Amino acid sequence: MKRLLFLVVAFVFVISCSKGMTEKSTQKGGDYLAKVNDSVITDETLKREMNALPPEVRDLFLQEAGIEGLIEELIKKELLYQEAKKKGYERSGELKDKIENFKKLMMIELLLNDMVDKKVTVSENDVRGYYEKNKADFVMTTGKKKEPVSFDMVKEILRQRLTAEKQKKAFESYLSSLENAYTIQRNKERISNLVNMPKPKP
């Protein structure tokens with residue numbers, strides 16, 4: 001369990017490496033949590049790292065390892081980061097490709113958050129209406145009897161379902177508008193050749 005947890009946390013840490021999570025040592029005396037060469041891990045570093053973790057991962061990690069465990073992971077991360085810099089991976093073409101791809105994905109996420117997610121709203125009336133329309137589907141069996149499930153019991157599940165459905169429709173509509181606004185050329189012959197290419201033998 002702890003090994004799996006470390007891998008999850010380490011993955012998030014790797015993603016956040018480019019944000020500069022440690023600072024050069026300018027603190028006086030012992031005003032830091034840990035130091036690796038001339039880079040320090042401060043209270044602010046720890047706070048940033050914790051905020052970067054998904055809440056469920058952060059809570060799970062703190063239950064398993066506590067604050068000290070998180071600080072130890074930060075030290076490991078900084079050790080590995082400094083060694084990677086020392087070996088010249090900072091100038092790696094593969095790294096540049098990964099950063100560019102990650103940047104692209106994050107920009108898409110921000111775009112969809114603004115243009116789709118933020119524009120989708122589900123009101124209490126929407127949820128209630130969906131429940132009333134599909135009331136026959138929400139039943140539970142008690143012994144030999146079938147009883148309707150109350151609205152309050154399924155309200156949040158229905159809200160999530162409706163939100164997902166609305167977001168899907170909003171995304172498809174937004175994507176369709178972009179396809180109409182941009183010029184897209186598909187090389188059908190080349191695509192067909194790739195699709196029909198014989199699969200390599202195992």
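For clarity, every value in this text was computed on a predicted model and none was experimentally measured.
Looking at heavy atoms from C-beta onward, Tyr174 lies in side-chain contact with Leu111 at the 4.5 angstrom threshold. Put simply, the side chain of Asn134 reaches to within 4.5 Å of the side chain of Asp137, judged on heavy atoms. Taking the side chain as every heavy atom from C-beta outward, Leu162 and Val127 approach each other to under 4.5 Å. In this structure the side chain of Lys96 never reaches within 4.5 angstrom of the side chain of Arg91, judged on heavy atoms. At a threshold of 4.5 Å between non-hydrogen side-chain atoms, the residues Asp31 and Thr42 do not count as touching. Tyr89 places none of its side-chain heavy atoms less than 4.5 Å from the side chain of Leu95. By the 4.5 Å heavy-atom criterion applied to side chains, Glu124 and Lys155 are counted as neighbours. Contact annotation: the side chain of Tyr130 never approaches that of Lys133 to less than 4.5 Å [non-hydrogen atoms, C-beta and beyond].
Taking every heavy atom of both residues into account, Tyr131 and Val149 meet most closely at OH-O, 2.5 Å.
For CD of Glu172, the number of neighbouring non-hydrogen atoms (other residues, nucleotides, ligands) closer than 6.0 Å is greater than 12. Other residues, nucleotides and ligands contribute only 12 or fewer heavy atoms inside 6.0 Å of the CE atom of Met153. Under a cut-off of 6.0 angstrom, the local environment of CD in Glu83 is crowded, with over 12 non-hydrogen atoms contributed by other residues, nucleotides or ligands.
Scored by the side chain to side chain contact (heavy atoms under 4.5 Å, CB included) test, Arg128 finds Glu132, Phe151 as partners (sequence neighbours excluded). With sequence neighbours left out, Asp126 forms a salt bridge (Lys or Arg N to Asp or Glu O under 4.0 Å) with Lys166. Residues satisfying the side chain to side chain contact (heavy atoms under 4.5 Å, CB included) test with Leu110, not counting sequence neighbours, are none. Evaluation of the side chain to side chain contact (heavy atoms under 4.5 Å, CB included) rule for Asn187 yields Glu189, Arg190 as partners, not counting sequence neighbours. Residues satisfying the side chain to side chain contact (heavy atoms under 4.5 Å, CB included) criterion with Leu79, sequence neighbours excluded, are Val36, Ile75.
The CG atom of Leu33 sits 11.0 Å away from the CD atom of Glu68 when rounded to the nearest 0.5 Å. Between the CD atom of Glu179 and the CD1 atom of Ile184 there is a distance of 5.0 Å, given to the nearest 0.5 Å. Taken from CE in Met106 to CD1 in Ile99, the straight-line distance is 13.5 Å, to the nearest 0.5 Å.
There is a path of hydrophobic side-chain contacts, each under 4.5 Å, that joins Ile108 to Leu175. If you chain together hydrophobic residues whose side chains sit under 4.5 Å apart, Phe138 and Ile157 never meet in one group.
The main-chain N or O of Arg159 is found under 3.5 Å from a side-chain atom of Thr163 such that the two form a donor-acceptor pair. For the pair Ser173 (side chain) and Ala170 (backbone), a donor-acceptor distance under 3.5 Å is absent. Asn101 places no side-chain N or O within 3.5 Å of a backbone atom of Asp97 that could act as its donor or acceptor partner.
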From CA spacing to verdict: side chain to side chain contact (heavy atoms under 4.5 Å, CB included), Leu112, Phe171:
CA-CA 8 Å; Leu112 293 179; Phe171 169 73; 3.9 Å; yes
Full working for salt bridge (Lys or Arg N to Asp or Glu O under 4.0 Å) between Lys168 and Glu165
CA-CA 5 Å; Lys168 184 175 183 293; Glu165 289 177 1; over 6 Å; no
Could you walk me through whether Leu74 and Leu46 pass side chain to side chain contact (heavy atoms under 4.5 Å, CB included), step by step?
CA-CA 8 Å; Leu74 290 175; Leu46 181 65; 3.9 Å; yes
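Within the structure, the salt bridge (charged side-chain N to carboxylate O under 4.0 Å, His left out) test picks out the following pairs touching residues 109-120 (sequence neighbours left out): Asp114-Lys118.
Counted by atom type alone, Gln82 and Glu78 present one or more donor-acceptor pairs between their side chains at under 3.5 Å.
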